[in-house]
2 protein chains.
Amino acid sequence: MSENTDPTLTDQWLAQLQTSGYRLTQPLRVIVDILVNSPRALGPVELYDLGRKEYPRLGLVTVYRTLDKLEELGLVQRVHQIGGCHMYLRATQGHEHLLLCTRCGQVCYFKGDDLSALFNATAEASGFVIQEHWLQLYGLCANCQS
Amino acid sequence: MSENTDPTLTDQWLAQLQTSGYRLTQPLRVIVDILVNSPRALGPVELYDLGRKEYPRLGLVTVYRTLDKLEELGLVQRVHQIGGCHMYLRATQGHEHLLLCTRCGQVCYFKGDDLSALFNATAEASGFVIQEHWLQLYGLCANCQS
DNA sequence: GCCTATAATGAAACAGATTTTCATTTTCAA
DNA sequence: TTGAAAATGAAAATCTGTTTCATTATAGGC
């Protein structure tokens, strides 16, 4: 169901999994393929339903376990959306942030400004030591504006 | 258990609830009082436990329903933290953002810069119409740094 | 290419959080 | 004070996510 538009990235992920000591199994390949090619964040159950079209014996437990592996390696990240808190997506890199369509869920990766000036000022004013930040934008994608 | 340090805000919330057509019941008053005075985000079960100290007959279902009402009116907002995705907090206003202590959960509200330049650039580049944004900082509060 | 140790899988049981249902209680306007 | 309607709380039902364990599949050694 998911067209493999980017075999290279799929192969990269599989290579990294193998290097990290994981075995490349059929269920793993199916899940990786779907995630690499998904234009939007997917929840475990969605991923399970999509995966079973390719590999009917797939179990939901395997989906959870595979997501854990991929998250541990930094290949996917969890996204918190209004419609669900356990949605997974190809991970952002460096200063990339997410822009999500509130209607169809489509995800756009954008390079954010350097916000360190804001963070430093806030740290000083509050007495906190800042460890990490989280910036996400929500809106309507070009298709969903009509 | 929660000292009423700001009766005015509690009264404001209750007034807004009444104006919106909701009845002011004992369970509602207890829950509002706890939320207004909490220094950190609370989950439904925590709120339930705290609430029962003041009003032992309180039911968990009522906590859920009350949180829905308060969220609908924009008085509280859901916060997504590592330790839980269904935590509720007094809502931010205007350009306020959240700074959360990853150890004790203490919340600090800070006025963020105006990020509209970033948003406009992103909107233009992506074709999205941006509806809302989400900026949260995580760190250690002054007390938890030792 | 075949064997084998062991990692990975999937079914079922389990645990928790959230929602629904419905009889009873409480609020508030007349 | 009274009664219609909203709100409540107990119990049952749902939905997610986790644990357990017997079976299957992978990858390295031969």
Side-chain angles (χ1 to χ4, degrees), chain A residues 11 13-35 41-73 75-76 78-88, chain B residues 11 13-35 41-73 75-76 78-88:
Chain A
D11 290 345
W13 286 28
L14 293 176
Q16 187 171 343
L17 281 157
Q18 192 161 46
T19 302
S20 307
Y22 294 115
R23 293 183 178 178
L24 303 185
T25 67
Q26 202 51 37
L28 178 70
R29 287 170 195 278
V30 168
I31 293 171
V32 165
D33 183 56
I34 293 171
L35 282 169
L42 298 172
V45 176
E46 279 177 293
L47 201 41
Y48 173 65
D49 290 337
L50 289 170
R52 295 223 296 180
K53 292 181 183 166
E54 307 258 329
Y55 185 77
R57 295 203 285 125
L58 182 64
L60 183 54
V61 194
T62 301
V63 174
Y64 282 106
R65 283 190 284 226
T66 304
L67 286 171
D68 286 345
K69 287 179 196 169
L70 295 173
E71 190 176 22
E72 178 205 320
L73 296 183
L75 295 171
V76 301
R78 236 177 97 183
V79 176
H80 300 253
Q81 281 179 283
I82 296 88
C85 280
H86 288 239
M87 314 286 284
Y88 289 85
Chain B
D11 289 346
W13 286 27
L14 292 176
Q16 187 171 343
L17 282 156
Q18 191 160 46
T19 302
S20 306
Y22 294 116
R23 293 182 178 178
L24 303 186
T25 68
Q26 201 51 35
L28 178 70
R29 288 170 195 277
V30 169
I31 293 171
V32 165
D33 183 55
I34 293 171
L35 283 169
L42 298 172
V45 176
E46 278 176 295
L47 202 39
Y48 172 65
D49 291 337
L50 289 171
R52 294 221 297 180
K53 292 183 184 167
E54 307 258 327
Y55 185 77
R57 295 203 285 125
L58 182 64
L60 183 55
V61 195
T62 300
V63 173
Y64 280 104
R65 284 188 284 226
T66 303
L67 285 171
D68 286 345
K69 287 179 196 169
L70 294 173
E71 190 177 22
E72 177 205 321
L73 296 184
L75 295 171
V76 301
R78 237 176 94 183
V79 175
H80 302 251
Q81 282 178 283
I82 295 88
C85 279
H86 287 239
M87 313 287 283
Y88 290 84

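The figures that follow rest on heavy atoms only: side chains count, while hydrogens, waters and symmetry mates do not. Each chain gets a letter, A, B and so on, in the order its sequence line appears, and its residues count up from 1.
Taking 4.0 angstrom as the limit, Lys69(B) places a side-chain polar atom (N or O) nearer than this to OP1 or OP2 of dT8(D). OP1 and OP2 of dA17(C) both lie 4.0 Å or more from every side-chain N or O belonging to His86(B).
In this entry the distance linking CG of Asp68(B) with P of dA6(D) reads 17 Å, nearest Å. Taking atom CD on Glu46(A) and atom C1' on dC15(D), their separation rounds to 15 Å, with Å as the unit. Distance Met87(A) CE to dG17(D) P: 11 Å, rounded to the nearest Å. Taking atom CG on Leu67(A) and atom C1' on dT16(D), their separation rounds to 14 Å, with Å as the unit. Here the C1' atom of nucleotide dG17(D) and the OH atom of Tyr88(A) are 10 Å apart, to the nearest Å. We find that CG of Leu47(A) is positioned 14 Å from P of dT16(D), with the value rounded to whole Å. Taking atom CG of Asp49(B) as the reference point, atom P of dG16(C) lies 14 Å away to the nearest angstrom.
Take Gln81(A) and apply the side-chain hydrogen bond (donor to acceptor under 3.5 Å, both in side chains) test, not counting sequence neighbours, and it matches no residue. For Gln16(B), the side-chain hydrogen bond (donor to acceptor under 3.5 Å, both in side chains) criterion is met by no residue, not counting sequence neighbours. Considering only residues two or more places apart in sequence or on other chains, Arg78(B) meets the side-chain hydrogen bond (donor to acceptor under 3.5 Å, both in side chains) condition with His86(B).
Proximity note for Tyr64(B) (side chain, C-beta onward) versus dA12(C), dT19(C), dG9(D): the nearest is dT19(C). Closest contact between the side chain of Arg65(B) and the listed nucleotides dG10(C), dG9(D), dT18(D) involves dG9(D).
Taking 4.5 Å as the limit, every side-chain heavy atom of Arg29(B) sits out of range of all side-chain heavy atoms of Asp33(B). Side-chain contact between Leu35(B) and Leu75(B): absent, with no pair of heavy atoms (C-beta onward) separated by less than 4.5 Å.
Leu60(A) comes within 4.0 angstrom of no nucleic acid atom, judged by non-hydrogen atoms across all strands.
Between Val76(A) and Tyr88(A), the shortest heavy-atom distance links the atoms CG2-CD2, 3.9 Å.
Taking CG of Leu42(A) as the start and CG of Asp49(A) as the end, the distance is 10.5 Å to the nearest 0.5 Å. Put simply, OG1 on Thr25(B) and OH on Tyr55(B) are 7.5 Å apart, with the number rounded to the nearest 0.5 Å.
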Please list every donor-acceptor pair under 3.5 Å in which a side-chain atom of residues 62-72 of chain A meets a protein atom from a residue at least two apart or in another chain.
unit_1: Thr66(A); atom_1: OG1; unit_2: Thr62(A); atom_2: O; d: 2.7
unit_1: Glu72(A); atom_1: OE1; unit_2: Tyr22(A); atom_2: OH; d: 3.0
unit_1: Glu72(A); atom_1: OE2; unit_2: Tyr22(A); atom_2: OH; d: 3.4

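The C1' atoms of five pairs define one axis at each end of the helix from dG1(C)-dC30(D) to dA30(C)-dT1(D), and these two axes lie 40° apart (to 10°).
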- Query: What does nucleotides 23-30 of chain C look like as a protein-contact string, B for base, S for sugar-phosphate only, - for none, at under 4.0 angstrom between heavy atoms?
  - Reply: ---SBS--
